[in-house]
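Data block below; observations after.
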Amino acid sequence: MNTKTITLLLLLIVGVAGVVLLSRTEEKPRATTAVKGLDAPAFELKDTTGKVWKLSDLKGKVVLVNFWATWCDTCKEEKPSLVNLINSEKGNDKFVFVSVLFRDDPAKVPAYMREYGYSFPVLIDDKNIAKAYGLTGVPESFLIDKNGILREKVIGPMQWDTPEVKAVIAKLIGE
């Protein structure tokens with residue numbers, strides 16, 4: 001074979017190999033983010049007492065997940081209405097509230113909880129669940145139905161103890 005034929009043959013082989021490699025795109029796993037109407041991102045986190053909380057264990061219940069931090073002033077403003085909601089739902093085994101500490105020192109939590117008289121569970125986000133939920137800041141909250149579907153995403157503080165919010169929770173419990 002002459003040099004021209006060998007060169008063309010090599011170019012043809014390289015071209016075919018390139019096309020084959022480009023056409024064999026492997027599907028890369030997509031990042032899980034919280035999208036209304038879809039399954040809420042799963043989590044398994046410990047709270048400040050060491051108890052493990054798994055979202056999968058809460059199926060059959062309406063779950064309100066609130067991301068917050070001790071340094072967050074708007075979180076402090078929002079907490080009293082959350083506590084009022086929690087207190088109004090005491091005894092309702094179909095509703096669960098959990099809070100997730102975001103970019104904060106867990107060692108600050110016990111004193112903070114004592115100072116304000118709070119007793120709700122505080123989960124430590126040592127697995128970056130905030131990223132899976134697509135957090136943009138705090139406070140940010142997610143209402144998950146009994147089947148694990150994200151029904152509402154609330155960015156920023158909200159008045160949680162209103163009749164409208166309680167009606168939404170009651171509706172989700174009744175579904």
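Here the structure is a predicted model, which means the values were calculated and not measured. In this chain, numbering begins with 1 at the start of the sequence shown.
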### Message
Side-chain heavy atoms nearer than 4.5 Å, only ILVMFWY residues, links allowed to pass through others: does that put L64 and M158 together?
### Response
yes
### Task
Determine, step by step, whether W68 and L101 satisfy the side chain to side chain contact (heavy atoms under 4.5 Å, CB included) criterion, reporting the C-alpha distance in whole Å, the side-chain angles of both residues, the deciding distance to 0.1 Å, and the verdict.
CA-CA 5 Å; W68 68 287; L101 193 65; 4.1 Å; yes
### Message
Quick check against the 3.5 Å criterion: does K127 have a side-chain atom that pairs as donor or acceptor with the backbone of E44?
### Response
yes
#### Entry: Residues T74 and E78: side-chain donor-acceptor under 3.5 angstrom
no
### Task
Quick one: closest heavy-atom pair of I149 and D39, and the distance?
CD1-OD1, 3.1 Å
### Query
Any link between L123 and I144 through a network of hydrophobic side chains (Ile, Leu, Val, Met, Phe, Trp, Tyr) touching at under 4.5 Å?
yes
#### Entry: Stepwise ring pair (Phe, Tyr, Trp, His ring centres under 6.0 Å) test for W71 and Y112
CA-CA 10 Å; W71 47 260; Y112 182 92; over 10 Å; no
### Message
Quick one about K90 and N87 (side-chain donor to acceptor, distance below 3.5 Å, no hydrogens or angles considered), yes or no?
### Response
yes
### Query
Quick check: does any side chain N or O of S99 sit under 3.5 Å from a backbone N or O of P121, one acting as donor and the other as acceptor?
yes
### Query
Do side-chain atoms of D145 reach the backbone of L172 as a donor and acceptor pair under 3.5 angstrom?
no
### Query
Does K94 offer a backbone N or O that forms a donor-acceptor pair with the side chain of N92 under 3.5 Å?
yes
### Message
What I'd like to find out is whether the side chain of I169 reaches to under 4.5 Å of the side chain of F95, using heavy atoms alone.
### Response
yes
### Task
Provide the closest heavy-atom pair for D125 versus N128 in the form atom of the first, atom of the second, distance.
OD1-N, 2.9 Å
### Residues forming a side chain to side chain donor-acceptor pair (under 3.5 Å) with T162, sequence neighbours excluded
E164
### Query
Is any side-chain heavy atom of K108 less than 4.5 Å from a side-chain heavy atom of D105?
yes
### Query
Judged by atom type as modelled, is there a donor-acceptor pair below 3.5 Å linking the side chain of N66 to the main-chain atoms of S141?
no
### Task
Verify the cluster assignment for V165 and L82: are they in a single hydrophobic cluster under the rule of side-chain heavy atoms below 4.5 Å apart?
yes
#### Entry: Inter- and intrachain pairs under disulfide bond (SG atoms under 2.5 Å apart), touching residues 67-125, at least two apart
C72-C75
### Task
Report yes or no: do F97 and M113 belong to one cluster of Ile/Leu/Val/Met/Phe/Trp/Tyr joined by side chain heavy-atom distances under 4.5 Å?
yes
#### Entry: Worked verdict on V122 versus D47 for side chain to side chain contact (heavy atoms under 4.5 Å, CB included)
CA-CA 5 Å; V122 179; D47 67 18; 5.7 Å; no
### Query
Do the non-hydrogen side-chain atoms of I129 and V100 ever get within less than 4.5 Å of each other?
no
#### Entry: D161-Q159 side chain donor-acceptor pair, cut-off 3.5 Å
yes
### Query
Is the shortest heavy-atom distance from the side chain of L150 to the side chain of V35 under 4.5 Å?
no
### F102-F67 aromatic ring centre distance below 6.0 Å
no
### Donor-acceptor contact below 3.5 Å, side chain Y133 vs main chain P41
yes
#### Entry: Worked check of side chain to side chain contact (heavy atoms under 4.5 Å, CB included) between K59 and D57
CA-CA 6 Å; K59 283 238 172 142; D57 289 345; over 6 Å; no
### Query
Within the distance-only criterion (no hydrogens, no angle test), does the side chain of K46 pair as donor or acceptor with the backbone N or O of I124 below 3.5 angstrom?
no
### Message
Grouping I, L, V, M, F, W and Y whenever their side-chain heavy atoms are under 4.5 Å apart, do L45 and V109 come out in a common cluster?
### Response
no
### Query
Is K146 reaching over with its side chain to a backbone N or O of I173, donor-acceptor style, under 3.5 angstrom?
yes
### Query
Roughly how far, to the nearest 0.5 Å, is CD of E175 from CG of N147?
8.5 Å
### Message
Between S81 and W160 (side chain of the first, backbone of the second, donor and acceptor by atom type, cut-off under 3.5 Å), is there such a pair?
### Response
yes
#### Entry: Heavy-atom pair of closest approach, residues K166 and S88
CE-OG, 3.5 Å
### Query
Under a 4.0 Å N-O cut-off, is there an ion pair linking E152 with K36?
yes
## Note on the structure
Sorted by chain and residue number, the side-chain contact (heavy atoms from CB on, under 4.5 Å) partners of D73 (sequence neighbours excluded) come out as K76
### Query
Is there side-chain contact between T49 and K51, with at least one heavy-atom pair below 4.5 Å?
yes
